[in-house]
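Please read these numbers as outputs of a predicted model, since none were measured by experiment. We use all heavy atoms of the structure for the numbers below, so side chains are in, but hydrogens, waters and symmetry mates are not.
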Number of protein chains: 2
Amino acid sequence: MTGNESGRRHTRDDVAETALRILDDYGLPDLTMRRLAAALDVQPSALYWHFPNKQTLLAELADRIVARGAGAPTDTTAWPDRLRAESVALRDALLAYRDGAEVVASTYALGLGDSAAQRRLAAAAASGGFDAETSDRAATALLHFVLGHVSHEQQRMQFDSIGVLATGEAADPLDASDSAAAFAFGVDLLVGGLERLGDESRSGPLSRSRT
Amino acid sequence: MTGNESGRRHTRDDVAETALRILDDYGLPDLTMRRLAAALDVQPSALYWHFPNKQTLLAELADRIVARGAGAPTDTTAWPDRLRAESVALRDALLAYRDGAEVVASTYALGLGDSAAQRRLAAAAASGGFDAETSDRAATALLHFVLGHVSHEQQRMQFDSIGVLATGEAADPLDASDSAAAFAFGVDLLVGGLERLGDESRSGPLSRSRT
DNA sequence: ACCTGAACACCGTTCAAGT
DNA sequence: ACCTGAACACCGTTCAAGT
């Protein structure tokens, strides 16, 4: 596609896309600058013309992974459903690349990359009528949960595929539907908590439920 | 304390405690096997008599960090308060060591270490009368949030201390009370979601509409 | 039981220089 | 504009051998 397999010179986009292919095929630990350079038929030092360092390259990959999970804003549905949909879309985007969650999580932790995922979640929350700070905090909580959950999920997928199970540890073989259910449960907890908060503020700070 | 500064031979405990000191003083990136060996006045290869590899050593550190945050079971308080208290205790334990959250998160992601944190949270949830699967999933969701939040928090602390702020980016200087409030908000969302779930199942599956 | 010495097979990054 | 060549300063891990 953007490979530029033999045409000597490369663009920043070439480098990023080749890196994404290595990431997806061999995983994050095997995505080294030297391996990437070799895949591009170039010396390792050549990469530093396109990116100042490896972290910046990884941030670019994180942005691309997240951006590929972006659908239409879906302004029609109720806000809790929209928030759930954004969470699922983010999970799908992360699952689309091997170690996708870890790449995005580490980039996010370092404060690099556009924070597109965070902004999408915050916008969905804000559509529920919450103020900016509440929306941001809810988005952050959701984002942390999603990144943590999918990181864990992808780690388990690798272990299972290599078959690195300790003797005696039968170890649940990671049912995909179980994983999705556990994910949905976590999202429901957070969205439910936000709904509850909305109910409370709507019914006033002093009036408990009508009993 | 356990330093064994000059007495030639070391125990597994020495190695772990020295590693914790390096972690706390210089951070995770500087905790290398070679640096640890130097601190113990020993060749790097000597470490491999005590631990089979670096990941196993890090798992040991993670277990110690989490264990140090363990207080009394507090069976007196209501379960939502107990769950909140466990979450805060876990955060405090992680904050007690530099990069503590990242060490625990990566160990947890790899499925290494005793999962003491997860078990404590699950026990607190179960004390609310939820079944084992629900308690586990709630604990996992909480754990992911806590690890993600504190990782982020600690990353920012380092950035701020080194003063690596991009020009023009005034960047909020990370108010500690803000951080604590954002943390409490996320915990409240999850605990609140769980309370809501309890209310629903108590009032029957059909009584409440979910629009 | 605990460690040394020496090696293996790697890393990310810099920088002068080339075209 | 984009890359080479060569180096710097590191990594984790293995393994025979020592005491």
Presence of H50(B) side-chain N/O under 4.0 Å of dC3(C) phosphate oxygens OP1/OP2: yes
Flag for D175(B)-S177(B): side-chain donor and acceptor within less than 3.5 Å: yes
Ring centres under 6.0 angstrom apart (H144(B), H152(A)): yes
Aromatic ring pairing H149(B)/F183(B), orientation class (parallel under 30°, perpendicular over 60°, tilted between): tilted
Value in whole Å for how far the P atom of dT4(D) lies from CD of Q43(A): 5 Å
Between OG1 on residue T134(A) and CG on residue L194(A), distance to nearest 0.5 Å: 8.0 Å
Span that lies between the P atom of dC2(C) and that of dA17(D), in whole angstrom: 22 Å
Distance, rounded to the nearest Å, where W49(A) contributes CH2 and dC3(D) contributes C1': 10 Å
Any side-chain donor near an acceptor of the partner, T56(A) and N53(A), under 3.5 Å: yes
Donor on one side chain, acceptor on other, R64(B) and Y97(B), under 3.5 Å: no
Can you check nucleotides 11-15 of chain D for protein contacts, nitrogen or oxygen pairs under 3.5 Å, and list what you find?
| from | atom 1 | to | atom 2 | distance (Å) |
| --- | --- | --- | --- | --- |
| dC11(D) | OP1 | T32(B) | OG1 | 3.4 |
| dG12(D) | OP1 | M33(B) | N | 3.3 |
| dG12(D) | OP1 | K54(B) | NZ | 2.9 |
| dG12(D) | OP2 | M33(B) | N | 3.0 |
| dG12(D) | N7 | R34(B) | NH1 | 2.6 |
| dG12(D) | O6 | R34(B) | NH1 | 3.0 |
| dT13(D) | OP2 | Y48(B) | OH | 2.8 |
| dT13(D) | OP2 | K54(B) | N | 2.9 |
| dT13(D) | O5' | Y48(B) | OH | 3.4 |

ring-ring contact (aromatic ring centres under 6.0 Å, His included) involving F51(B) - partner list, sequence neighbours excluded: none
dA9(D) and dA9(C), which share atom name P, separated by this distance in whole Å: 23 Å
Spacing between L47(B) atom CG and dT4(C) atom P, to the nearest angstrom: 10 Å
Paired and unpaired positions of DNA chain C as dot-bracket, Watson-Crick or G-U wobble under 3.5 Å, | denoting a partner strand: ||.|||||...|||||.||
Interatomic distance, L142(B) atom CG to R137(B) atom CZ [nearest 0.5 angstrom]: 15.0 Å
Gap between atoms NE2 and P, on H10(B) and dA1(C) respectively (whole Å): 18 Å
